[in-house]
Amino acid sequence: MDNNTTRTVALNAVGNTQGDAVIYVMSRDQRVRDNFALLAAQKYALDRKLPLMTLFNVYSSVPNRSAAQYAFMFSGLEEVEQDLAAKQIAFLVKVGDAKNNILQVARTHHAAAVFFDFSPLRGLTALHEKVARSVGIPCFVTDTHNIIPVWVASDHQEWAAHTFRRKVHKLLPQFLAEPAPVTRHPYTLQQQLTNDWTQIRAAATAPALEDYRPIVKTGEKEAGKNLRHFLKTKLGRYAQQRNDPNSDSLSNVSAHIHFGQLSSLRVALDAQKMLAQHKDQGVREGVQSYMEEVTVRKELSDNFCYYNRTYDSFEGIPEWGQKTLTKHRTDHREHLYTLEQLEAAQTADAAWNAAQIQMLRTGKMHGYMRMYWAKKILEWTEDPESAIAYTIYLNDKYFLDGYDPMGYTNILWSIGGLHDRPWRQREVYGTVRYMAMSGLRRKFDLDTYTAAWQNDG
DNA sequence: ATCGGCTCGCGCAA
DNA sequence: TGCGCGAAGCCGAT
């Protein structure tokens, strides 16, 4: 298949193979609706009159994760299991090493082909390559996380949002199209597959969070509810108030999008529909502003991680940022905090502590505060490498949307000036954009925010 | 309250 | 080769 125009590409050069089933290895896109990887696997199976099965692999131990993230994922997967059963598509969850499990399941079921959904993160791309090399049957990967497949949108790492935006706007009309529905699959496996969710939950251990009260509920249906509620009641003020953490103007679907419970194509299609239904100026500006987030800024993060394999380290920073941070490496730091102090929200900065506590309590932090939060960690640690490592540790452990290209891109934007331009030189930051508490006060009522998120509150 | 400068390099026009 | 302009700002001058 042609890499430049298609959503699904071949991972190896193995020709058509005989077999008894087609396997879709679900990973990043944990949904049945609007899932082009599932659709591609189903078409391949229908063409050959074969049963279709979906395999999900759970690693038994992943560093920097919390029980909250696993709970969110497993409940969503139980919903996936039901939705697949309604379509006569088998669903199997395996625990352990992904490569071994995929190879074993492919062998046991005499698979004819394997389909993956796409992620630019190193663990996933490496897994896809390893399986494609050793499984001996055709393997494919489908980008159903991005509206425009990452390899179609651009063939290189983009410099900034403005260089990417032109390409996105040119391609968007052909990709903002309604996906076909998954059909009831006519061919089924000989034996019925079942999953023991108690056993699966017990096998994936991660530390529980104290005092944790998520503000979003998990699952494909809940994601749809959040989205509809946002479009109906918040979109009109989104453009004006999305940077005010007190205003509750956001869609609250980032965790669902991260786990693939909701596709950003669905989000964009539903947001676009609001234009036809509303003449109200606020709604029209809201659509434009929200579409910018969903189609340009979000997809830019996949572009970055896909084309820059050092997306989570100092080396991922553009050259000017590395140079300026190196020049200011030994600058005096007003405060130095350990990772433990940061994790416990024990700094001298009330705004920062509030943001950290918001994250610990809810698995979320307001988008505007995420930038301030990461930039201050640069200011308060011994060097930029430590700042990046600490921020990624906290990001991946506590955010429900952790372990995502969005997080790494935000962190390198904040700490290293990725996708940004240089600003006035100052201590520690060099020419990387600085943010100050006085700026937060200018933009919103900071005292209301800090009062809402207090230690022992 | 508002405004210009800070500071770098991509991408396009010429 | 020149030039406009950019992922969410800050600061000092007016």
Side-chain angles (χ1 to χ4, degrees), chain A residues 146 153-170 237-247 249-251 254 264 285-286 288-305 307-308 311 316-328 331 334 349 351-352 355 364-379 391 395 401 404-446 449:
Chain A
N146 291 291
S154 172
D155 63 2
H156 64 274
Q157 182 189 326
E158 290 294 328
W159 178 255
H162 66 97
T163 61
F164 190 53
R165 187 176 297 113
R166 276 196 298 268
K167 297 174 184 179
V168 168
H169 283 177
K170 207 163 118 188
R237 62 172 188 267
Y238 180 78
Q240 289 292 320
Q241 294 180 35
R242 64 192 189 83
N243 282 343
D244 180 349
N246 299 317
S247 74
S249 304
L250 308 183
S251 53
S254 68
S264 50
E285 283 170 9
Q288 191 172 27
S289 178
Y290 193 62
M291 286 293 282
E292 163 75 8
E293 301 299 313
V294 173
T295 64
V296 177
R297 297 188 190 183
K298 180 188 159 297
E299 307 225 336
L300 181 59
S301 70
D302 259 41
N303 168 275
F304 172 61
C305 293
Y307 290 114
N308 191 319
Y311 53 76
I317 293 173
E319 200 174 300
W320 71 266
Q322 290 195 35
K323 273 189 185 152
T324 193
L325 288 176
T326 297
K327 196 170 154 197
H328 291 268
D331 285 1
E334 188 80 35
D349 181 318
W352 194 93
K364 247 187 98 78
M365 184 191 297
H366 190 278
Y368 193 72
M369 292 306 294
R370 290 193 192 206
M371 299 181 285
Y372 181 82
W373 173 77
K375 281 180 180 293
K376 291 294 148 181
I377 295 175
L378 169 65
E379 196 173 323
T391 312
N395 182 89
D401 62 9
D404 191 282
M406 289 282 283
Y408 305 130
T409 306
N410 177 57
I411 289 164
L412 290 205
W413 179 86
S414 302
I415 293 175
L418 169 69
H419 298 153
D420 202 5
R421 60 165 156 146
W423 299 85
R424 173 174 303 188
Q425 181 143 323
R426 69 157 54 225
E427 296 283 280
V428 184
Y429 291 81
T431 56
V432 172
R433 183 196 300 254
Y434 176 67
M435 286 175 80
M437 197 192 282
S438 55
L440 303 180
R441 286 200 189 281
R442 259 200 308 280
K443 282 199 178 293
F444 62 91
D445 180 358
L446 183 59
Y449 180 73

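Here is how names work: the chains are called A, B, and so on, in the same order as the sequence lines, proteins then strands, and each is numbered from 1. Model, not experiment: these values are computed from the prediction.
- Using the six-membered ring where Trp is involved, A:W352 and A:W373 have ring planes that are parallel, under 30° apart on the 30 and 60° scheme.
- Phosphate proximity of B:dC6 to A:R426: absent, as no side-chain N or O sits under 4.0 Å from OP1 or OP2.
- The CZ atom of A:F164 sits 19 Å away from the C1' atom of C:dC5 (whole-angstrom rounding).
- The partner of C:dG12, taking Watson-Crick or G-U wobble pairs whose two distances both stay under 3.5 Å, is B:dC3.
- A sub-4.0 Å separation between OP1 or OP2 of C:dC10 and a side-chain N or O of A:R442 is present.
- In this structure, NZ on A:K376 lies 6.5 Å from CG on A:D349, to the nearest 0.5 angstrom.
- Checked by atom type, the side-chain pair A:D302/A:N146 shows a donor-acceptor distance below 3.5 Å.
- Atom CZ of A:R424 and atom C1' of B:dT7 are 10 Å apart (whole Å).
- Separating the P atom of C:dG9 from that of B:dG9 is a span of 22 Å, rounded to the nearest Å.
- A:D420 comes within contact range of the sugar-phosphate backbone alone, with a heavy-atom separation under 4.0 Å but no base atom that close.
- Using a 4.0 Å cut-off, some side-chain N or O of A:K443 falls inside it from OP1 or OP2 of C:dG9.
- Within the nucleic acid shown, A:M435 comes within 4.0 Å of sugar-phosphate atoms alone, with no base atom in reach, counting heavy atoms only.
- Here A:T409 lies in heavy-atom contact (under 4.0 Å) with a base.
- Separating the CZ atom of A:R242 from the P atom of C:dA7 is a distance of 12 Å, rounded to the nearest angstrom.
- Taking the side chain as every heavy atom from C-beta outward, A:F304 and A:E158 never approach each other to under 4.5 Å.
- Under the Watson-Crick or G-U wobble criterion, with both distances below 3.5 Å, C:dA7 is left unpaired in every strand shown.
- Using a 4.5 Å cut-off on side-chain heavy atoms (C-beta onward), A:M406 and A:D401 make no contact.
- One can place CD of A:Q288 at 14 Å from P of C:dA7, the figure rounded to the nearest angstrom.
- Within 4.0 Å (heavy atoms only), A:R166 reaches sugar-phosphate atoms of the nucleic acid but no base atom.
- Atom P of nucleotide B:dC10 and atom NZ of A:K167 are separated by 13 Å, given to the nearest angstrom.
- Taking atom CH2 of A:W159 as the reference point, atom C1' of B:dT7 lies 12 Å away to the nearest angstrom.
- Atom C1' of nucleotide C:dG12 and atom CH2 of A:W423 are separated by 16 Å, given to the nearest angstrom.
- Rounded to the nearest Å, the gap between the C1' atom of C:dA7 and that of B:dT2 is 23 Å.
- Among the protein residues, A:H162 comes within range of the sugar-phosphate backbone only, with heavy atoms under 4.0 Å from sugar or phosphate atoms but none that close to a base.
- Here the side chain of A:L300 is nearest to one of B:dG11, C:dA7, B:dT7, namely C:dA7.
- Using a 4.0 Å heavy-atom distance criterion, A:W320 is classed as a sugar-phosphate-only contact.
- Here the straight-line distance linking atom CZ of A:R370 with atom OG of A:S254 works out to 5.5 Å at 0.5 Å rounding.
- If you measure from atom OH of A:Y429 to atom P of B:dC6, you get 22 Å, rounded to the nearest angstrom.
- For A:Y368, a side-chain nitrogen or oxygen approaches OP1 or OP2 of C:dG9 to under 4.0 Å.
- Taking only side-chain atoms of A:Q425, from C-beta outward, the nucleotide of C:dG9, B:dT7, B:dC10 with the closest atom is B:dT7.
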